[in-house]
Enquirer: 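There's a structure below that I have some questions on.
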Amino acid sequence: MIKQTHKELISNFLASPSALSMLRELEAILEEEDKRRQQFYLDEITELKKVEFINGEIIIHSPPSKLHIEVCGALFRLISTYVDSNDLGFVGIGTLMIQLTRNDYEPDICFFDQKTASQLKREQTLFPAPKFIAAILSKSTASRDRGVKFEDYQNHGVGEYWIVDPQKRVVEQYLLQHDKYELVFKAGKGEISVHSIEGLHFQIEAIFDPQLANQEMKRLLLNQ
């Protein structure tokens, strides 16, 4: 199935003689959805569980597997080691919630550059769109990571998006080019550069190998 662009969707909508009544119905639906979203902020957000608000639905995630935790932790340490030692911004992990126009997500890993990070408050619980997001795939999240989140991050100007597959030990790197994500790199071996973070590069295998991750972190610190 070929996805329609926003302009095509709007054009088809306006071509319908029922456009006005459809618009009013849509406004009512979205108004009710916003009420649920405000209640979601009050009732569901805690530091103890990973939960998201996506297209009007509250998504409560299952506890992650050991493999997911290991891969997420390794990638976080690689990025945060370099960012922190060079004072380049702020790296979030796990239950940090980003607030986009309609939806609220808790990416596995995200990076805010120094300009944005300097404006963040220590008590802040809802964050703007970051420069970089990495999603660690699991069976329960893969369709959203490649679907609604992919589209939403793209539309909100997240400049770099990684999809990391722990089972296949492969990283897909997408960069925002002309307002669309382009797959610029996909591999399970070799060196990868984080385009959003100047100077940061490491061996892809380090994401999946704790010993190699430790070696790469030492290199990143020694090369400062």
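Along the sequence shown, the residues carry numbers beginning at 1.
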Enquirer: Looking at the rings of F132 and Y161, which for Trp means the six-membered one, are their centres under 6.0 Å apart?
Expert: no
Enquirer: Going through the checks in order, is the salt bridge (Lys or Arg N to Asp or Glu O under 4.0 Å) test met by R146 and E172?
Expert: CA-CA 11 Å; R146 296 188 179 281; E172 298 172 25; 2.7 Å; yes
Enquirer: Check the orientation of F53 and F40. Use parallel for under 30°, tilted for 30 to 60°, and perpendicular for over 60°.
Expert: tilted
Enquirer: Answer yes or no: is there a side-chain heavy-atom contact under 4.5 Å between H61 and V51?
Expert: no
Enquirer: Minimum heavy-atom separation for H68 and P64, please, with both atom names.
Expert: ND1-CB, 3.7 Å
Enquirer: With ring centroids as reference points, do Y181 and F150 lie under 6.0 angstrom apart?
Expert: yes
Enquirer: Determine whether F90 and T116 make a side-chain contact, defined as any pair of heavy atoms from C-beta on separated by less than 4.5 Å.
Expert: no
Enquirer: How about Q114 and D87: does a side-chain donor come under 3.5 Å of a side-chain acceptor?
Expert: yes
Enquirer: Decide yes or no for S11 and E8: does some side-chain heavy atom of the first lie under 4.5 Å from some side-chain heavy atom of the second?
Expert: no
Enquirer: So which atom in L96 and which in C110 form the shortest heavy-atom distance, rounded to 0.1 Å?
Expert: CD2-SG, 3.7 Å
Enquirer: Do you know the tightest heavy-atom contact between A134 and L75?
Expert: CB-CD2, 3.8 Å
Enquirer: Hey, what do you get for CE (M217) to OG (S85), rounding to the nearest 0.5 Å?
Expert: 12.0 Å
Enquirer: Is the shortest side-chain heavy-atom distance between R36 and I58 below 4.5 Å?
Expert: no
Enquirer: I need the E160 CD to K131 NZ distance, nearest 0.5 Å.
Expert: 11.5 Å
Enquirer: Assess the side chains of S21 and S18: does a donor N or O sit below 3.5 Å from an acceptor N or O?
Expert: no
